[in-house]
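No hydrogens, no waters, no symmetry mates; every other heavy atom, side chains included, goes into these values. Worth saying up front: this structure is predicted, and the values here are computed from it rather than measured. Below, chains carry the letters A, B, ... as their sequence lines are ordered, and counting in each starts from 1.
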Amino acid sequence: CKQGLVDDGIQLFSRMKEKRVLPTVVTYNSLIHGLCVSSSWGEAGGYIKEMLSSGISPDMPIYNALIDASCKEGRVERALEILGLVVREKREPNVITYNALINGYCLLGKMEGAIKVVNTMVSQKKTPDLFTYTTLMRGFCKKGMLVKAREILALVIRKEKPNMVTYTTLIHGYCLFGKMEEAVKIFNVMVSMNLKPDLVIYNTLMDGFHKLTNPNEAKQLFSELRVHSQNLD
RNA sequence: GUCCGUCUAGUUAG
């Protein structure tokens, strides 16, 4: 399913049933997640009904997959409806649930909404994690609120350890607005934290310079990349 | 006790 071969997943699922191999929640979620990603909501709903009628109740990964898929389609209202179901079924939303919702608001550029979810999360004693912070940073970057994004990095450095994704997100933000000096500054911070630059980060920076029609810097980075290429994917 | 399976965050012109 993750390879985008959902049809094969469905076939395999049928064969399992023929052979009397009973599906579990995990089996169902693998399928449902795949169907959500290929936005086949109708089919996903079919499997949810099937699951319910065989006495299996959806767990948080299933709800989260539905919430995340809705958010990525820009349908935060539907995600919130599903969240309502979660509460009604007496399940407890977890960090992933909130992160998916925060991402939903960020994708719509609704940062106030995103922050509200963060507040809800905290009031429910769920601690924001690296995903939360990176998602927020990305949202702020997209809106050009780079100072906010930079503040979040400072916060992350204080509270936990930023990873490659965190740095790349901020660097990409600077690149988006042509602030290459800032981008490089963050890159250097990252290197000084002993993180080895990966392909994505090099692509991000090269793309940034290229868009500024600064091919020399881009070429410089490319040769640096070649030197390090044995360490890359 | 420890690992492992399903859910959330990063780049890529046309």
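- Of the side-chain N and O atoms in A:K2, one or more sit less than 4.0 angstrom from OP1 or OP2 of B:C7.
- Side-chain contact annotation: A:T135 with A:N103, donor-acceptor N/O pair under 3.5 Å absent.
- Closest contact between the side chain of A:F131 and the listed nucleotides B:U11, B:G10, B:A9 involves B:A9.
- Across all strands shown, A:M164 has heavy atoms under 4.0 Å from base atoms, whether or not it also approaches the sugar-phosphate.
- When rounded to the nearest whole Å, the span between CG of A:N64 and C1' of B:U8 equals 7 Å.
- Whole-Å rounding puts the A:N94 CG to B:C7 C1' distance at 8 Å.
- Protein atom CD1 of A:I102 is 19 Å distant from nucleotide atom P of B:C7, rounded to whole Å.
- Using cut-offs of 30° and 60° for the angle between ring planes, the A:Y47 and A:Y28 rings count as tilted.
- OP1 and OP2 of B:U12 both lie 4.0 Å or more from every side-chain N or O belonging to A:H210.
- Between A:R91 atom CZ and B:C7 atom P there is a gap of 17 Å when expressed in whole angstrom units.
- Environment of NZ in A:K142: crowded, with over 12 heavy atoms of neighbouring residues, nucleotides or ligands closer than 6.0 Å.
- If you check B:G5, B:G10, B:U8 against the side chain of A:V26, the one that comes closest is B:G5.
- Comparing B:U8, B:U12, B:G10 by their nearest atom to the side chain of A:D68 picks out B:U8.
- At a threshold of 4.0 angstrom between heavy atoms, the contacts of A:D59 with the nucleic acid are absent.
- Per the geometry, CG belonging to A:N29 stands 12 Å off C1' belonging to B:U8, to the nearest Å.
- Atom CG of A:D207 is separated from atom C1' of B:G14 by 14 Å (rounded to the nearest Å).
- In this model, the phosphate group of B:A9 is approached by a side-chain N or O of A:K72 to a distance below 4.0 Å at OP1 or OP2.
- Taking the side chain of A:S30 as heavy atoms from C-beta on, and the options B:U12, B:C7, B:U6, the nearest nucleotide is B:U6.
- Closest approach of A:C175 to A:A183, counting heavy atoms only: SG-CB, 4.2 Å.
- Taking atom CG of A:L130 as the reference point, atom P of B:U8 lies 16 Å away to the nearest angstrom.
- Residue A:T169 holds its OG1 atom at 7.0 Å from CZ of A:R138, rounded to the nearest 0.5 Å.
- Taking atom CG of residue A:L12 and atom P of nucleotide B:G5, one finds them 19 Å apart after rounding to whole Å.
- Side-chain N/O atoms of A:R138 include one lying less than 4.0 angstrom from OP1 or OP2 on B:G10.
- Counting only heavy atoms from C-beta on, A:I96 has its side chain closest to B:C7 among B:U12, B:G10, B:C7.
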